[in-house]
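Atoms considered below: every heavy atom in the structure, side chains included; atoms not considered: hydrogens, waters and symmetry mates. Here is how names work: the chains are called A, B, and so on, in the same order as the sequence lines, proteins then strands, and each is numbered from 1.
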There are 2 protein chains.
Amino acid sequence: MVKIDEVARAAGVSISTVSYALSGKRPVSAATRTRIESAVEELGYRANAGARMLAGSRTQIFALTEPFRPDTFAPTHMAFVLATSIAARRQDYDILLLTEEDAADGMRRVADSGLVDGILVLDVAPADRRVALARQLDIPSIFIGVPDDHHGLTCVDLDFEAAAALAVDRLFEAGHRVVGLIGHPAIAYENSNFPPRVRAGFEDACARREVSGLFRTTGGPVVEIAVVRAAVADMLAEGVTGFVLHGGDDAHAAVLEELAAHGRAVPDDVSVISVGATFDPASFSVPLDAIPLIPASSCDLAVDLAMRSLGSTPPEPGVHLIPPTYRAHGSVGPPATS
Amino acid sequence: MVKIDEVARAAGVSISTVSYALSGKRPVSAATRTRIESAVEELGYRANAGARMLAGSRTQIFALTEPFRPDTFAPTHMAFVLATSIAARRQDYDILLLTEEDAADGMRRVADSGLVDGILVLDVAPADRRVALARQLDIPSIFIGVPDDHHGLTCVDLDFEAAAALAVDRLFEAGHRVVGLIGHPAIAYENSNFPPRVRAGFEDACARREVSGLFRTTGGPVVEIAVVRAAVADMLAEGVTGFVLHGGDDAHAAVLEELAAHGRAVPDDVSVISVGATFDPASFSVPLDAIPLIPASSCDLAVDLAMRSLGSTPPEPGVHLIPPTYRAHGSVGPPATS
DNA sequence: TTGAAAGCGCTACCAA
DNA sequence: TTGGTAGCGCTTTCAA
């Protein structure tokens, strides 16, 4: 609508001075700046996006590729999209959605057309087709999640192995010697990168501590409450006294229900720790100790890395693992001495 | 990367001919077109997005504003985002996410900067701040959902009133005279535009049919299973024999569990119809008759209206209600003659 | 500290 | 059916 020359005229300066005053890329006297700013304000000026993309070197847009799969856990997914968007806006960037079946096409399209400055990759699979593509494109890609082959890639994620290990450690320290991991639906161990990492962290920690560690999925392709409850019942029968929960709020609730159905109190009879949840595990009937997955932590870092990748000193490729944090809510205690 | 003049040189034609061949806005001889197309293919040419936005009149981007509220039902929300994105891509449009707290700021920003050609408005509240803004902007906005004051707006949605009425009609025809609507969490009746419409359609239909209609919310701010089950128990005590379910899959499941707990079989003892669900109500333990909310229907139409709004003959503003469809799965029958 | 002007890579008008 | 070219509205270099 209103263009830069109108602002220049209103402020009695040249076009270039307006541009520099707004970008801050060249010093502008305070008086001039003030005049320009009020002209901008009055006229409601906003730089034309297309002209900026063409003349400048930045589009101020990041693409976000997020394949929607049937087994996607919607609330977590939404939380990551939101966190990414907020982090981007904080840096004056917008988010362009790439949800096409073939995410690879979209990535290539937006990269080759110069529509975006970088790509944020969500919901990473262990063997993700977007990995190979990211290496070819001439704009940076940041992976939120860690694919199996991440050579040369920049990845950000919670340190799920450490998170699971931390949970086992806490249970061990409390005295538990038989612990169980209630995971995700079986298919998530193929489609997603982090459930296997939780499992691996859990199993490694159990081996290291010489505690007995049981693992069960929660059905599939989507969570099946009955499967969850059966898993809990089986584990109780096997002598499990410490539970590690990785999964959605529905699976969490089902575990607590099944424990209640068996008359096991938390933490008096059994201990429970939630790992990698994006919801609030303190809001259950029994507030649960948690090692949460905080979308903002990953997304802020991812956007930060994307920004730095555009700068003159891009960061080295590599995996950035965010250390887990433990939030106690009283759901862990010594095992019952029956 | 590779620019239009390289394509022109490779194909032995002028720049403008390349442009016209690709846009189809001017006839190009088959031979020339073929040469150009293979040059494009070989060189991997893709028109620069910024240049296109600046020179052309279209950005090929729609904004999608989707406020994330705590009570947002994530799966449905995701389904709409996905459906919108797919519909847009089909028209060669990309989707730019607007999730900022103050959606109004984002709308104004992308409109004033010419970043997008139009705005799709999701998750519409009865009194939505985006309504006033949409009227000011000089790009078209399409609302997916119907705000209270929709004068001059273009809105698209399932005809929820008709959907609820259809459910009541079917129950009435089957012989039910006391029916109950299990709705959404209470807060949704203030934050969202469609739960009140379902309720209104239900109550009107009940009045028209002279059947007794009970209504209950499902707790709040988020669904509370215990509240759902209590609502069902109360309704059974009040003699309800036909249930209309509007809500998430968790609420549906809770209703079926509570019915089972009371020993009421579907459809022998009670009848159940799901209204406005985006998931598959045929996949429950008891397959449910459904009047579904199909995101693709609304989103395809919304994108279509957005496209037409950019054309030379923009559609009249108005509310486009999509007629409900009934899918029978055997969960409706005559009431038990006890 | 500021201004003038040369592009950025397209689209679409005017000619041929 | 095709080509030349004037912008589109900025950013940034070169000058002052």
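- Closest non-hydrogen pair, A/I142 versus A/S309, comes out as CD1-OG, 4.0 Å.
- Summarising the geometry of B/L97 relative to B/E66, their closest heavy-atom pair is CD2-OE2, 2.7 Å, with the distance given to 0.1 Å.
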Candidate pair A/E6 and A/Y45, rule side-chain contact (heavy atoms from CB on, under 4.5 Å), full reasoning: CA-CA 9 Å; A/E6 304 180 44; A/Y45 169 73; over 6 Å; no
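- Of all heavy-atom pairs between A/S85 and A/I95, the closest is CA-CG1, 3.8 Å.
- Regarding B/L54, its CG atom lies at a distance of 4 Å from the C1' atom of D/dC8, rounded to whole Å.
- When every heavy atom of A/C299 is checked against every heavy atom of A/I144, the shortest pair comes out as SG-CD1, 4.1 Å.
- Contacts between residues 106-115 of chain B and DNA chain D, defined by a heavy-atom separation under 4.0 Å, are absent.
- Atom CZ in A/R35 sits about 14 Å away from atom P in C/dT1, given to the nearest Å.
- Electrostatic pairing of A/D159 and A/R197 does not count as a salt bridge here, judged by no charged N lying under 4.0 Å from a carboxylate O.
- Each end of the helix from C/dT1-D/dA16 to C/dA16-D/dT1 gets its own axis, taken as the rotation carrying the C1' atoms of four end pairs onto the next four within a five-pair window, and the two axes meet at 30° to the nearest 10 degrees.
- In this structure, B/N48 atom CG and D/dC10 atom C1' are separated by 13 Å, rounded to whole Å.
- Heavy-atom minimum distance, A/A63 versus A/L98: CB-CD2, 3.7 Å.
- Protein atom CD of B/Q60 is 20 Å distant from nucleotide atom P of C/dG9, rounded to whole Å.
- Here the side chain of B/P27 is nearest to one of D/dC10, C/dT1, D/dT1, namely D/dT1.
- Scanning all heavy atoms of the two residues, the minimum distance from A/L305 to A/P315 falls at CD2-CG, 4.0 Å.
- One can place CG of B/D5 at 14 Å from C1' of D/dG4, the figure rounded to the nearest angstrom.
- At a threshold of 4.0 Å, the pair B/R89-B/D92 counts as salt-bridged, since one of the basic side-chain nitrogens sits closer than that to a carboxylate oxygen.
- Straight-line distance from the CZ atom of B/R58 to the C1' atom of D/dC8: 15 Å, rounded to whole Å.
- Under 4.0 Å is where a charged nitrogen must lie from a carboxylate oxygen, and between A/R109 and B/D94 at least one such pair does.
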Where protein sits on nucleotides 11-16 of chain D, one letter per nucleotide: B base, S sugar-phosphate only, - none, heavy atoms under 4.0 Å: BBBB--
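- Rounded to whole angstrom, the span from the CG atom of B/L22 across to the P atom of C/dG9 amounts to 17 Å.
- Under a 4.0 Å N-O distance rule, the pair A/D149/A/R135 qualifies as a salt bridge.
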